[in-house]
Each structure stands twice: as structure tokens, then as C-alpha cells.
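Computed over heavy atoms, backbone and side chain alike; hydrogens, waters and symmetry mates excluded. Predicted model only: the values in this text are computed from it and were never measured.
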Amino acid sequence: MDLKKKKWQSYATIIVFCVLIFGFTAATILKPSMEFSEIENRVLARMPEVKIDAILSGDFETDYEEYLTDQFVLRNQWISLKTSVERLLLKRESKDIYFAEDGYLIEKHTGSFTTQMAERNIAALTEFVQKYEEQFGTEHISVLIVPNAVDILQDKLPPFAKPGDGNDYLEQIAESLPEGICFDGASILRKHRSEEIYYRTDHHWKTLAAFYVYQAWAEKQGYAIPDLTDYEIQTVTDCFEGTVQSKLGIDTAGDTIELFFPLTGPGYTVYRESTGETQNNLYDDAALDTKDKYAVYFGGNDSFLQIRTEIENERKILVIKDSYANCFIPFMLGEFQEIDVLDLRYINQRLSGIIAEGGYTDILILYNVSGFAEDMSISKLTPD
């Protein structure tokens with residue numbers, strides 16, 4: 001009887017195992033695929049097309065594994081459960097993210113700066129600057145690569161946690177460029193690291209951090225240096241949960257987003273190429289009712305924005321950027337007649353043609369350091 005009972009227990013274990021493995025796989029395949037994850041704010045992998053050459057090369061298997069990972073049934077709940085268990089076990093990190101002091105979730109960016117992509121991006125940036133330095137002059141080309149939180153908020157990392165490698169990569173960038181081109185934003189941010197200059201749940205710097213760096217950059221460029229008293233600072237939300245929190249799938253205290261409204265300043269219009277619309281507001285309040293509240297700046301990323309101000313000084317700047325620039329650009333309105341904002345990730349035109357036709361007097365390249373190292377579109381900087 002005991003032997004028979006043990007035999008049925010073994011069968012039951014096998015059946016449960018098969019149901020878990022094959023049942024979840026079947027449910028994943030049969031459920032409608034999601035195109036976009038609002039929680040993670042990214043496009044999800046789709047079912048790859050079955051092709052003989054892709055199967056033989058191994059690309060199909062790789063893409064199919066990514067598809068199953070992204071489309072797995074109850075995926076968000078499993079991620080949340082995994083992170084919760086890790087925290088109960090007092091782990092200091094999960095999914096390359098540190099559980100840091102004061103509620104900060106800080107990405108490590110492991111391996112971002114040692115890839116061939118990271119090396120090629122420095123080479124592309126160097127070629128670009130060398131090509132246009134003579135045309136614009138050293139004082140009219142700026143490269144501002146912003147460090148990530150792991151490189152600045154080291155005092156908040158868990159004990160014995162390894163700091164990021166972003167600072168070394170920033171030094172490589174600076175050494176590759178002519179004197180005076182690369183602006184040192186890291187030293188500015190370190191002076192203010194005791195203040196809330198990065199989001200706790202998101203990978204971006206906060207508007208206050210952008211303000212401090214803009215102050216120093218404006219002084220170097222010979223522009224008017226703003227003061228905090230020049231702005232009305234409004235907290236527009238206190239429940240922002242950013243992309244880092246979304247990767248872990250856990251409940252956290254919400255971040256605040258502050259907008260700086262100048263007490264005096266020029267009028268302006270903003271033209272958005274993707275919609276063909278022109279408006280007189282830098283901010284999209286509707287984004288505050290969505291998961292991606294950081295999209296309050298300009299309504300999110302766009303291939304091309306054109307900001308025209310009432311200033312008549314003939315200064316026209318091209319900003320080549322990632323999303324870190326979105327909270328920096330509003331501080332520039334008082335210095336330029338026109339600010340054109342270009343995101344290489346979303347354009348197909350030749351950059352040299354855009355610059356040739358733009359009639360620009362200045363160029364600013366503004367990225368966060370891990371974003372710059374990982375961005376495949378940086379190759380578009382390479383001269384034609």
C-alpha cells in the first residue's frame with residue numbers, strides 16, 4: 001500500500017510539473033501578444049518569423065526566447081514575486097539594480113561601457129566633433145554627457161557595493177575630444193549630491209540637477225547665469241513610479257516631479273514634427289495621468305522639435321540628445337532665437353544634410369552616460 005501510494009505521489013508530482021511547464025508555455029503562446037508595456041515603458045518582443053536561414057544561424061531561437069520572456073503569461077506578477085522574495089532574503093540587488101539608502105533604486109549598468117558599441121560610439125562622436133569644430137569653433141560646440149546616479153550617489157549604495165564604471169567612460173570621452181568641447185557636469189552634480197538630484201524610482205536626473213548643470217554651462221558659454229529665485233518651482237506630481245521601479249515590479253513610494261517656470265522670459269512656440277502641430281507650451285499635463293509621467297516634458301521624445309522664441313539675437317542651436325535633455329532645454333529659452341531638438345533614435349535623414357540646411361550657430365550634444373554607450377543610433381553622428 002505504501003509503495004502504491006508513493007507511486008501515485010510520483011505521478012502527481014510529474015503531472016503538476018508538466019502542467020506548470022507546458023501549461024504556462026501554452027498559455028503564453030495562445031494569449032494575444034502585447035505590443036507595449038506601459039509599466040516598463042518599452043516595446044515588447046513579437047513572435048519572430050519562421051525562416052530557414054534564421055533557424056540555421058540561431059537568430060530564430062534567440063528571438064523566440066526573447067519573445068517568450070516578454071510575453072510570458074502573468075509576467076508582471078512573476079517579476080514582482082521574484083523581487084519580493086529577494087528582498088525578504090536581504091539581497092542588496094536584483095536585476096542589476098541596487099536597493100540603496102533612502103528608498104533609492106540605483107541601476108549598476110554592468111557591462112555597458114566595455115562593449116564594442118561603447119567604443120564605436122566614442123569614435124563616432126570624435127569624428128563628428130572633428131568635422132564640425134572648424135566650422136562652428138570650439139566655443140560653439142558642447143558635449144555634455146551626464147553621469148548616472150550610481151556614479152554620483154555612491155554614499156547611498158549598499159555596503160561594499162561596487163560603484164559604476166561610468167566615470168572611467170566619461171574620462172575616455174573627454175580624452176578623445178579637443179580641449180574645451182566636453183563639459184564636466186559630473187563635478188557639478190557631486191557638489192550637490194546631498195540634495196535630491198536623481199529620481200528614486202527612475203533612471204533620469206531631476207530638474208534641479210539639470211538646473212545646476214545649466215548654471216555652470218551657461219557661465220562657461222558666457223550666457224546669463226540664472227538663479228533659483230528666477231523661477232516658480234511647482235511640484236506637479238508626487239506619485240511618479242519610473243522605469244527602474246518597473247523593472248522590479250514592486251510597490252515603492254512615488255517620486256515628485258518639479259517644473260521650473262521662469263518669472264520672466266521670452267514667448268515661444270514649439271513645433272512637433274511627428275504631429276505637425278505647433279503649441280506654446282513645453283509641457284504636456286496629460287502625461288501626468290499616465291504611467292510615463294516623465295513625458296510631461298514635451299509630451300515625450302520626438303524625432304524633431306523646433307522651439308522659436310521672441311529673442312532676436314540670430315543664435316540658433318541644434319541639440320542632439322536623449323531624454324536627459326528634456327528637462328535641461330527649458331533653461332535655454334532665454335539665450336537662443338531658435339532651438340532645434342533632434343533625437344537620433346527616430347530620424348532617417350542624413351545628419352549632415354540637416355546641419356547644412358539648418359543655419360545653426362551652435363551645437364549641443366547631451367546624453368546620459370549609459371544611454372550614450374548603449375545607443376546604436378550614435379553611429380549616425382559619423383560624417384557621411
message: Once ring-ring contact (aromatic ring centres under 6.0 Å, His included) is applied, do any residues pair with Tyr212, and if so which ones, sequence neighbours excluded?
response: His192
task: For Asp255 and Thr201, indicate whether the former's side chain and the latter's backbone hold a donor-acceptor pair under 3.5 Å.
output: yes
message: Please evaluate residues Ser370 and Phe113 with respect to the criterion side-chain contact (heavy atoms from CB on, under 4.5 Å), reporting the C-alpha separation (whole Å), side-chain torsions for both, the decisive distance (0.1 Å), and the verdict.
response: CA-CA 7 Å; Ser370 64; Phe113 309 109; 4.0 Å; yes
- prompt: Would Phe136 and Ile355 count as a side-chain contact (heavy atoms from CB on, under 4.5 Å) if you check the C-alpha gap in whole Å, the side-chain angles of each, and the deciding distance to 0.1 Å?
  reply: CA-CA 11 Å; Phe136 288 89; Ile355 294 174; 4.0 Å; yes
Residue pair Ser246 / Lys291, side-chain donor-acceptor N/O under 3.5 Å: yes
task: Would you check if the side chain of Lys293 reaches a backbone N or O of Phe240 as a donor-acceptor pair within less than 3.5 Å?
output: no
- request: Treat each ILVMFWY residue as a node, draw an edge where side-chain heavy atoms are under 4.5 Å apart, and state whether Ile233 and Leu288 are in one component.
  value: yes
Side-chain (Lys220) to main-chain (Gly180) donor-acceptor, under 3.5 angstrom: yes
message: Applying side chain to side chain donor-acceptor pair (under 3.5 Å), can you list everything that pairs with Asp375, at least two apart in sequence or on another chain?
response: Ser377
task: Without swapping roles, check the side chain of Lys108 against the backbone of Ala161 for a donor-acceptor pair under 3.5 Å.
output: no
Donor-acceptor contact present, side-chain Gln245 to main-chain Asp202, <3.5 Å: no
field: Asp102/Arg200 salt bridge by N-O under 4.0 Å criterion
entry: no
message: Distance alone, cut at 3.5 Å: any donor-acceptor contact between the side chains of Asn301 and Ser323?
response: no
query: Is there a donor-acceptor contact under 3.5 Å from the side chain of Asp302 to the main chain of Leu305?
result: no
- prompt: When you look at Thr235 and Glu258, which way does the side-chain contact (heavy atoms from CB on, under 4.5 Å) test go after all the steps?
  reply: CA-CA 4 Å; Thr235 299; Glu258 291 80 27; 3.7 Å; yes
- request: Show your reasoning for whether side-chain contact (heavy atoms from CB on, under 4.5 Å) applies to Thr126 and Leu177.
  value: CA-CA 6 Å; Thr126 303; Leu177 300 178; 4.1 Å; yes
- prompt: Would you say the side-chain atoms of Asp284 pair up with the backbone N or O of Ala295, donor to acceptor, closer than 3.5 Å?
  reply: no
message: Between Lys95 (side chain only) and Lys247 (backbone N and O only), is there a donor and an acceptor less than 3.5 Å apart?
response: yes
Residues in ring-ring contact (aromatic ring centres under 6.0 Å, His included) contact with Phe328, at least two apart in sequence or another chain: Tyr214, Trp217
Pairs where residues 162-174 contributes a residue and the test side chain to side chain donor-acceptor pair (under 3.5 Å) is met, not counting sequence neighbours: Lys162-Asp165, Asn167-Arg190
field: Positive for side-chain hydrogen bond (donor to acceptor under 3.5 Å, both in side chains) with Arg315, one of Glu338, Gln337, Glu335
entry: Glu335
task: Please name all residues satisfying side chain to side chain donor-acceptor pair (under 3.5 Å) with Ser187, sequence neighbours left out, ordered by chain then number.
output: Asp184
query: Who are the ring-ring contact (aromatic ring centres under 6.0 Å, His included) partners of Tyr294, not counting sequence neighbours?
result: His204, Tyr297
query: Taking the inter-plane angle between the rings of Phe372 and Tyr367 on a 0 to 90° scale, is it parallel (under 30°), tilted (30 to 60°) or perpendicular (over 60°)?
result: perpendicular
- prompt: Just checking, any donor-acceptor pair under 3.5 angstrom between side chains of Gln279 and Glu277?
  reply: no
- request: Under the ring pair (Phe, Tyr, Trp, His ring centres under 6.0 Å) rule, what do Phe331 and Tyr223 come out as? Steps first, then yes or no, please.
  value: CA-CA 11 Å; Phe331 298 116; Tyr223 304 148; over 10 Å; no
field: Ala210 backbone acceptor or donor facing Trp205 side chain under 3.5 Å
entry: no
